[in-house]
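Please read all numbers here as calculations on a predicted model, not as lab measurements.
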Amino acid sequence: MNLTPSSSFLAALTTRFQALQQRIQQLPPAGARPLTVAGRVSGWVTARATLALAGLPGVAITSEAVHIHALVARGLPLNQVLETVAHTLKNAGCLRGWRNELLDVVGEGQVLGVIERAALRPLGMLTRAVHLNAWTPDGRLWVARRSATKTTDPDMLDTLVGGLAGAGESLDTALLRESYEEAGLAPQVLGGRTPVRVITRMHRHLPEGYQVEDALVSECVLDAEVRPVNQDGEVSEIMALDIEDVWARILADEFTLEAELVVLDSLMARLRV
């Protein structure tokens, strides 16, 4: 395959990427209401979640929006209210599992508090997903296959490293943590990676709510002797694929939607150099 910037292959990648961008930009679900936290716009609450939160201390519901705030006079700081919100949604059957993992609550660019990860989608809150596209010296891309036990996209192909930034984590810290957990890569083998950059912000309907997520990526070339090995049991296979094979698997819809987005972005960038 002629991998030059003027090739028809680059045009095909671009067309696929543009079509994917349209798929990941969806309006909030029907019946969802804007959410504010501590007075700042922070998400979109599903109709089901809104009903579950009615009457909860620290939650005010109007016909136009849902508002979450601290109740200082009653000794309820914001994070305690957010914790109660998450448990209330769990008891109402609005959550998809429970992760025992806290993520930042972000409103208008500011971190306002923390909440259980599983509660973010019913509340339509922003998440930040960091990915690593790692290449071999001879130009193959390392990709991972998700475990068959994953609750979302089991057995599908994924970026070598991908995960959400946790509460209080910088993007670099999150990427390094995920790189070790998912691929056994120590920071010293990632010294030449590019800075984390935003590809896009996704807005997508999910069964449990609304995904509002920044997709971010860093790139690196791993030394020939480096062999990624999964550490957390969430990956069943790691392999290095040449570009033609990656493209064939994209066309066969073998990648998760997020992974396809990140991989396509990387392929286009490499071909344009």
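Here the CG-CG distance, from L157 to L241, works out to 7.0 Å after rounding to the nearest 0.5 Å. Atom-to-atom distance recorded for R197:CZ and I199:CD1 is 5.5 Å, nearest 0.5 angstrom. Here the CD-CZ distance, from E101 to R117, works out to 4.5 Å after rounding to the nearest 0.5 Å. The distance from the CG atom of L267 to the CG atom of L271 is 6.5 Å, given to the nearest 0.5 Å. Atom CZ of residue R96 and atom CD of residue E208 lie 5.5 Å apart, to the nearest 0.5 angstrom. The distance from atom OG1 of T84 to atom CG of L76, rounded to the nearest 0.5 Å, is 7.0 Å.
Looking at Q26, its side chain does come within 3.5 Å of a backbone N or O of H205 through a donor-acceptor pair. Side-chain atoms of Q211 never come within 3.5 Å of backbone atoms of G209 as a donor-acceptor pair (strictly under, hydrogens ignored). In this structure, the side chain of Q21 does not engage the main chain of Q18 through any donor-acceptor pair within 3.5 Å. Put simply, the side chain of H67 never gets that close to the backbone of R40: no donor and acceptor are under 3.5 Å apart. In this structure, the side chain of D104 engages the main chain of G168 through a donor-acceptor pair within 3.5 Å. A distance-only check finds no donor-acceptor pair linking the side chain of R201 to the backbone of Q25 [under 3.5 Å]. At distances below 3.5 Å, at least one donor-acceptor pair connects side-chain atoms of D242 with backbone N or O atoms of D245. Not a single donor-acceptor pair under 3.5 Å links the side chain of T173 to the backbone N or O of E169.
In this structure, R270 forms a cation-pi arrangement with W135, its terminal cationic atom sitting closer than 6.0 Å to the ring centre and no more than 45° off the ring axis.
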CA sep, side-chain torsions, deciding dist, call: V217, V196, side chain to side chain contact (heavy atoms under 4.5 Å, CB included): CA-CA 5 Å; V217 66; V196 177; over 6 Å; no
Step-by-step salt bridge (Lys or Arg N to Asp or Glu O under 4.0 Å) determination, D253 to R16: CA-CA 11 Å; D253 294 323; R16 178 88 179 190; 2.8 Å; yes
Residues D232, E182; criterion side chain to side chain contact (heavy atoms under 4.5 Å, CB included); working and verdict: CA-CA 6 Å; D232 61 10; E182 298 196 346; 3.8 Å; yes
Working for side chain to side chain contact (heavy atoms under 4.5 Å, CB included), residues V198 and T200: CA-CA 6 Å; V198 178; T200 193; 5.8 Å; no
Trace of the side chain to side chain contact (heavy atoms under 4.5 Å, CB included) decision for S42 with L112: CA-CA 9 Å; S42 305; L112 307 172; 3.7 Å; yes
Stepwise salt bridge (Lys or Arg N to Asp or Glu O under 4.0 Å) check, R128 with D214: CA-CA 5 Å; R128 300 171 300 165; D214 284 343; over 6 Å; no
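In this structure, L171 is a member of the same hydrophobic cluster as V161, with clusters built from ILVMFWY side-chain heavy atoms closer than 4.5 Å. The hydrophobic clustering, which links ILVMFWY residues whose side-chain heavy atoms are closer than 4.5 Å, places I238 and V130 together. If you chain together hydrophobic residues whose side chains sit under 4.5 Å apart, L53 and V41 never meet in one group. Criterion: ILVMFWY side-chain heavy atoms under 4.5 Å apart, direct or through other members. Under it, V59 and L82 are part of a common hydrophobic cluster. Hydrophobic clustering places V143 together with W247 (ILVMFWY residues linked when any side-chain heavy atoms are closer than 4.5 Å, directly or through intermediates).
Scanning both residues, N230 and E181, for their nearest heavy atoms gives ND2-O, 3.6 Å. What you find for N133 and S266 is that their closest heavy atoms are ND2-CB, 3.1 Å. E116 and A86 make their closest contact through CB-CB, 4.0 Å (heavy atoms, listed as atom of the first residue, atom of the second, distance). Annotation for L222 and P228: closest pair CD1-CG, 4.0 Å, computed over non-hydrogen atoms. The heavy-atom pair separating M125 from R121 by the smallest distance is O-NH1, 4.1 Å. Between A129 and E213, the shortest heavy-atom distance links the atoms CB-OE2, 3.3 Å.
A heavy-atom distance below 4.5 Å is not found between the side chains of F255 and L261. Between R48 and L89 there is no side-chain heavy-atom pair separated by less than 4.5 Å. Side-chain atoms of L132 and C220, non-hydrogen and from C-beta on, do get closer than 4.5 Å to each other. E258 is listed as a side-chain neighbour of M202, based on a closest heavy-atom distance under 4.5 Å. Two residues are said to be in side-chain contact when any heavy atoms from C-beta on lie closer than 4.5 Å; L141 and I243 fail this criterion. The shortest distance between side-chain heavy atoms of I68 and L56 does not fall below 4.5 Å. Using a 4.5 Å heavy-atom cutoff, the side chains of F17 and M268 are in contact. The side-chain heavy atoms of N79 and V81, taken from C-beta on, include no pair separated by under 4.5 Å.
Of the N and O atoms on the side chains of N100 and W98, at least one donor lies less than 3.5 Å from an acceptor on the other residue. Looking at T136 and D138, their side chains do bring a donor and an acceptor atom within 3.5 Å of each other. Between S63 and R33, the side chains place no donor N or O within less than 3.5 Å of an acceptor N or O (distance only, hydrogens not considered). Between the side chains of S147 and E234, not a single donor N or O lies within less than 3.5 Å of an accepting N or O.
Taking a cutoff of 4.0 Å between a charged side-chain nitrogen and a carboxylate oxygen, R193 and E219 do not qualify as a salt bridge.
Ring pair H203/Y210 is tilted by interplanar angle, where 30° to 60° counts as tilted.
Just one of V212, L103, L126 meets the side-chain contact (heavy atoms from CB on, under 4.5 Å) condition when paired with L120; it is L103. A side-chain hydrogen bond (donor to acceptor under 3.5 Å, both in side chains) with H131 is found for exactly one of D158, D265, T159, namely T159.
Partners of P34 according to the side chain to side chain contact (heavy atoms under 4.5 Å, CB included) rule, which considers only residues two or more places apart in sequence or in another chain, are W44, A65.
For L251, the CG atom counts as densely surrounded, since its 6.0 Å shell holds more than 12 non-hydrogen atoms of other residues, nucleotides or ligands.
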